[in-house]
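First the structure, in the form of structure tokens, and then the observations on it.
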There are 2 protein chains.
Amino acid sequence: MSSPVTSFRGPQVCKVIGITYRQLDYWARTNLVRPSVQDAAGSGTQREYSYTDLVELKVIKSLLDAGVSLQAARKAIEYLREHLGEELGSANLVLQCADSLLTYSGDQIVDLLRRGQGVLNIVALGPVVEELDATLVALAPAAAGAEPPLAAAQ
Amino acid sequence: MSSPVTSFRGPQVCKVIGITYRQLDYWARTNLVRPSVQDAAGSGTQREYSYTDLVELKVIKSLLDAGVSLQAARKAIEYLREHLGEELGSANLVLQCADSLLTYSGDQIVDLLRRGQGVLNIVALGPVVEELDATLVALAPAAAGAEPPLAAAQ
DNA sequence: CGTCGTAACTACCGGGATGTGATCCCGTAC
DNA sequence: GTACGGGATCACATCCCGGTAGTTACGACG
């Protein structure tokens, strides 16, 4: 029995995340998210993204939809990339000025607001990952039977 | 005894808020924040901003510093403008997708995070107004003895 | 080998936002 | 009336971002 597909080609990624190919291309070329399975090597080759890449892309898309600039999203993803091993399902990615951090309770956020000096951008990662997984399942035929590793691991 | 100055000219506003004249000009011309005391009428005239204008400008600046786009800030300010009469010192301006709202407790924010679908941008208005007032006091000579109405009212 | 489909790549363009330098215009002082 | 300072306005340039369309190149197929 063939193993589930765990890599995704560019156009599939666009469909799953809800972005244009141009955005994906620009984000790859400017080193925001390069495909970690297989990067492109010129015309005719293909980019292959991992599930983790998709999580990052999904977070970026959520931030952009919320009105956060691409520049700020870049910084946040750099931080997230260093903490992907942690339990994301219950974490919140918090952007505070140029810093990012993960919080795991509402109290932590309230505390940040009280001690902070203005603005927080908060990404609840649970819902983001859930929506990603749901989209992967819904588009499974189109994505060649791709199986969300997080869902499978649970 | 002369009454305290309660309006601010363009360059003073730039100094207080920490933005360039170009930004102030662009924001006025594009109807983000027009001076409510006296708008410009061509070269040689002067814009005069009220304290409320300064609060709005300060919130915008805080949002931009946090990486929020000007477009998203526009929406937020439209909402804030309709609720300025409320107790801002203890309120949090929360941006959720295209909607904005004011919350007054950490519990409300935690609840929004649980029920929401991704990203919140939160402006703690207390610290923003406090920093504005502190800057006005510190620059009082430059701002011709301007007195922060909120501080005076408290 | 030629053709085709697919995806990557490239170039141009436009919109948003802002920097920079120059010019315009008003109010004030002499 | 002239000069000046301050602020508004204008024009051009730059950067970021991404849309659009055309070109390039690879692998599959006959």
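Lettering of chains follows the sequences in order, A, B, ..., and the numbering in each one begins at 1. The structure displayed is predicted, hence computed values, not measured ones. Just so it is clear, the values below take in all heavy atoms, side chains as well, and ignore hydrogens, waters and symmetry mates.
- Counting heavy atoms from C-beta on, the side chains of A:Arg22 and A:Asp25 come closer than 4.5 Å.
- Under 3.5 Å, the side chain of A:Ser43 and the base of D:dT24 form at least one donor-acceptor pair of N or O atoms.
- One interatomic measurement links the two molecules: CD of A:Gln46 to C1' of D:dT24, which rounds to 15 Å at whole-angstrom precision.
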B:Leu24/B:Leu57 under side chain to side chain contact (heavy atoms under 4.5 Å, CB included): CA gap, chis, key distance, verdict: CA-CA 9 Å; B:Leu24 188 70; B:Leu57 288 163; 4.0 Å; yes

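- One can place CZ of A:Arg74 at 16 Å from P of D:dC15, the figure rounded to the nearest angstrom.
- Annotation: of the two residues near DNA chain C, B:Ala41 and B:Ser69, the 5′-most nearest-nucleotide partner is B:Ser69.
- Between the side chains of B:Glu48 and B:Ser7, at least one donor N or O sits under 3.5 Å from an acceptor N or O.
- Atom OH of A:Tyr49 is separated from atom P of C:dA7 by 13 Å (rounded to the nearest Å).
- The CZ atom of A:Arg47 sits 12 Å away from the P atom of C:dA7 (whole-angstrom rounding).
- Hydrophobic cluster membership for B:Val110: A:Val110 (Ile, Leu, Val, Met, Phe, Trp, Tyr linked by side-chain heavy atoms under 4.5 Å, directly or transitively).
- Look at CD on A:Gln38: it is 13 Å from C1' on C:dA7, rounded to the nearest Å.
- For A:Arg9 and C:dG5, the shortest distance from a side-chain N or O to OP1 or OP2 is not below 4.0 Å.
- Applying the 4.0 Å criterion to OP1 and OP2 of C:dA17, one finds that B:Gln71 has a side-chain N or O inside that range.
- Atom CD1 in B:Ile60 sits about 15 Å away from atom C1' in C:dT18, given to the nearest Å.
- Taking atom CD1 on B:Ile19 and atom C1' on C:dT18, their separation rounds to 12 Å, with Å as the unit.
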Derivation and outcome, side chain to side chain contact (heavy atoms under 4.5 Å, CB included), residues A:Leu102 and A:Tyr79: CA-CA 9 Å; A:Leu102 289 171; A:Tyr79 174 86; 3.9 Å; yes

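- For residues 22-35 of chain A, proximity to DNA chain D is found at A:Arg22, A:Gln23, A:Tyr26, A:Trp27, defined as any non-hydrogen atom under 4.0 angstrom from a strand atom.
- Within a 6.0 Å sphere centred on CZ of A:Arg114, other residues, nucleotides and ligands contribute 12 heavy atoms or fewer.
- Between A:Thr20 and the phosphate of D:dG19, there is a side-chain N or O to OP1/OP2 separation shorter than 4.0 Å.
- Rounded to an integer number of Å, the gap from CG of B:Leu64 to C1' of C:dG16 is 13 Å.
- In this structure, the side chains of B:Val37 and B:Tyr51 stay at 4.5 Å or more apart for every pair of heavy atoms.
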